[in-house]
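Here is the structure we will look at, set down as structure tokens.
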Amino acid sequence: MNILVINASPRGKRSNSYRLTGAFLEGLREEAEKRGRETRVTELCVKDLKIDSCLGCFSCWKNTPGQCCQKDDMERVLKLRLWADLTIWSFPLYYYNVPGPLKNLIDRQLPMVLPFMKEREDGVGSGSHPSRYDMTGKRTVLISTCGFYSARDNYDSVCGMFDHICGKGAYETIFCGQGELFAVPELSSRTEEYLAWVKRAGGEFMAGGIREETKERLEELLFAKETFEAMADASWGIDQESGERQEESLIFTKQMAALYRTDAWDGKDRVLEMYYTDLDKTYQILLGKEGSRICTDGSLKATTRIETPYTLWKEIAEGKVEGAQALAEHRYRVKGDLGLMMKWDDFFGGKTGREDSGKEETARGSEGILTGVQAPDQKPVMTSFLIPWIVFWAAVPAWPTEGGVAGIAACLFSSLLFFRRRRTIYDLLTGIGVAGLSLGILCGIPYRGAVVTSYLLFGLMWLLSCLGKIPLSASYSMYEYGGRQALHNPLFLSTNRILTAAWGVLYLFTGLWTFFLIRGGLGWGIGLINSVAPALMGVFTIWFQRFYPARMAAGKSR
Ligand SMILES: Cc1cc2nc3c(=O)[nH]c(=O)nc-3n(C[C@H](O)[C@H](O)[C@H](O)COP(=O)(O)O)c2cc1C
């Protein structure tokens, strides 16, 4: 397949529209490769071509049929137009139409048609000129970005023109609003997601045609209208009232504030204070129910204060530096409420167009092909593996046989109760451990030994998990902090590793003292000690979860 790409952005390869074209081509080529089809791509950059405007002399019709009297790069363009099986027109929207140089190029295609008048079969316009060449089977794709929040209703002139040129419905389009966002590295997670859909469209186009679902995704806004417009307004760096140019760090902070999601508001207003240490500048962002507001006079009471070099914060925002890692390395400090940091993406993820339209399920909090995030009701819960152990420990010492039955029943009950939840390795180990020991008791092994063993097994499970990548408690708690993304946060991991180890040690000791209490004839004290100890550890856990990350984030410990 011969493919001609006509890139008509004056920005050349830095064009937003061309980024979409690149993704489309990538998908197309991959699919062609899978199908064993060869693709040959020729790219033309209109800004680098010498194409004068049409003289209107009709020489190409009268004197030298099919040949223009002007000798410039258009000769090559016409040859390539005939060579190509597919032409991709890639351009920005300028004044609701194609940029001027591209219109010149389109006008100069006059030699490609015959002078005669012909009725149109598709009813577009009042007639047409038949093609001088056989163009059957040749395909056309228009790819363009525009500056407004939506592409909808912006491209009627463009489509009107191509309906005349190619015929109504005889070409594919990918039009995307908010085009300038493709050049903003801080927003790459959303724009990359969009580009992945464009790539998919390329593959599907090669396979026959772009699927409806893909088209729907391509029509979605990158960000909700208000989010985009707040970001776009801030990006000009001009004070709306005074018209004066603003400080770069203020523009940047305003754009960050524009990404605030009001649905993260949990009933309490927060004030995020950004202190850029290298610039000695402080900005406050009030995060409220209705939206965010920047305050530059420091009059608000900060709930979270971030002290960071501006350069570092920009690198974090651009995804060049991992924020959580940098925090753990004390390259910046956080004081006050750390909760905001732990749920940063919930607060500053920027509301996408999809969410705004209510079609949330694949954008956040669910297992989307692009996000990989778990659906809420599939998250594993710790209760599912705690229930069997607790039933076993409560029932077996009092009524060993019935306790054995209860242990097995608790395993089944827990599996049924949480059958929609994702199971972890610990749920599986619990099933094997509790059901195995319960069965053992029913088969006659001494119940005291089984109870001691159960505590040791439980403790070992916690302790050994610390040697792996994900400590036991993190396997469950990560879903409260953005799913697997939390595993990139060293503070989250170290907090969980310490707590998991502490619980492991507690239960190993529980096994030991249970053994000695039974041997010493003090079995009556087991129930009391084995309830009080975990309760105290629970209190410690709640305190430590707040204290440790906050202390580390404030840079008080290395
Ligand atoms: C002269 C000019 C005219 C523009 N006209 C429009 C327009 O009519 N509608 C629109 O939504 N955006 C308009 N824009 C914004 C561009 O379409 C937008 O910035 C686009 O993403 C640029 O794409 P590119 O990087 O591929 O050149 C205009 C930009 C310029 C410079």
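Hydrogens, waters and symmetry mates are skipped; everything else that's a heavy atom, side chains included, is used. Small disclaimer: the values here were computed from a predicted structure and weren't measured. Ligands are counted one by one from 1 in listed order, and the atoms in each one are counted from 1 as well.
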For atom 2 (C) of ligand 1, the closest protein heavy atom turns out to be Y94 CD1, 3.5 Å
Side chains of I306 and W313, heavy atoms from C-beta outward: is any pair under 4.5 Å? yes
Quick one: nearest non-hydrogen protein atom to atom 20 (C) of ligand 1, plus distance? T145 OG1, 3.4 Å
Can you list the ligand 1 atoms lying under 4.0 Å from a non-hydrogen atom of S9? 24 (P), 26 (O), 27 (O)
Determine whether the side chains of Y194 and E220 contain a donor N or O and an acceptor N or O closer than 3.5 Å. no
Neighbour count >12 (heavy atoms, 6.0 Å) for atom CH2, W236: no
N154 neighbourhood, listing ligand 1 atoms whose heavy-atom distance to it stays under 4.0 Å: 11 (O)
Is it true that a side-chain atom of R19 and a backbone atom of F182 form a donor plus acceptor pair closer than 3.5 Å? yes
Which of the atoms of ligand 1 are close to Y95, meaning less than 4.0 Å from one of its heavy atoms? 3 (C), 4 (C), 5 (N), 6 (C), 7 (C), 8 (O)
Can you sort out which atoms of ligand 1 are near S17, meaning under 4.0 Å from one of its heavy atoms? 23 (O), 24 (P), 26 (O)
For atom 19 (O) of ligand 1, the protein heavy atom that lies nearest, with its residue and separation: E180 OE2, 2.4 Å
Check ligand 1 against G179 and write out every atom of the ligand that is under 4.0 Å from a heavy-atom position of the residue. 21 (O)
May I ask you to check whether G147 has an N/O atom sitting below 3.5 Å from an N/O atom of ligand 1? yes
Which option out of T21, L93, N7 puts a heavy atom nearest to atom 14 (N) of ligand 1? L93
Evaluate whether atom CD of E318 has more than 12 neighbouring non-hydrogen atoms of other residues, nucleotides or ligands under 6.0 angstrom away. yes
Is there any N or O on S15 that sits under 3.5 Å from an N or O of ligand 1? yes
Exam field: side chain W265 to backbone G291, donor-acceptor pair closer than 3.5 Å: no
Applying salt bridge (charged side-chain N to carboxylate O under 4.0 Å, His left out) between R108 and each of D72, D73, D52, report the one that passes. D72
Establish, yes or no, whether the cationic atom of K379 lies under 6.0 Å from the six-membered ring centre of Y479 and within 45° of the ring axis. no
If I apply the N/O under 3.5 Å rule, does P92 come out as touching ligand 1? no
Quick one: look up the protein heavy atom nearest atom 8 (O) of ligand 1 and list residue, atom name and how far away it is. Y96 N, 2.9 Å
Backbone of C54 reached by a side-chain donor or acceptor of D107 within 3.5 Å: no
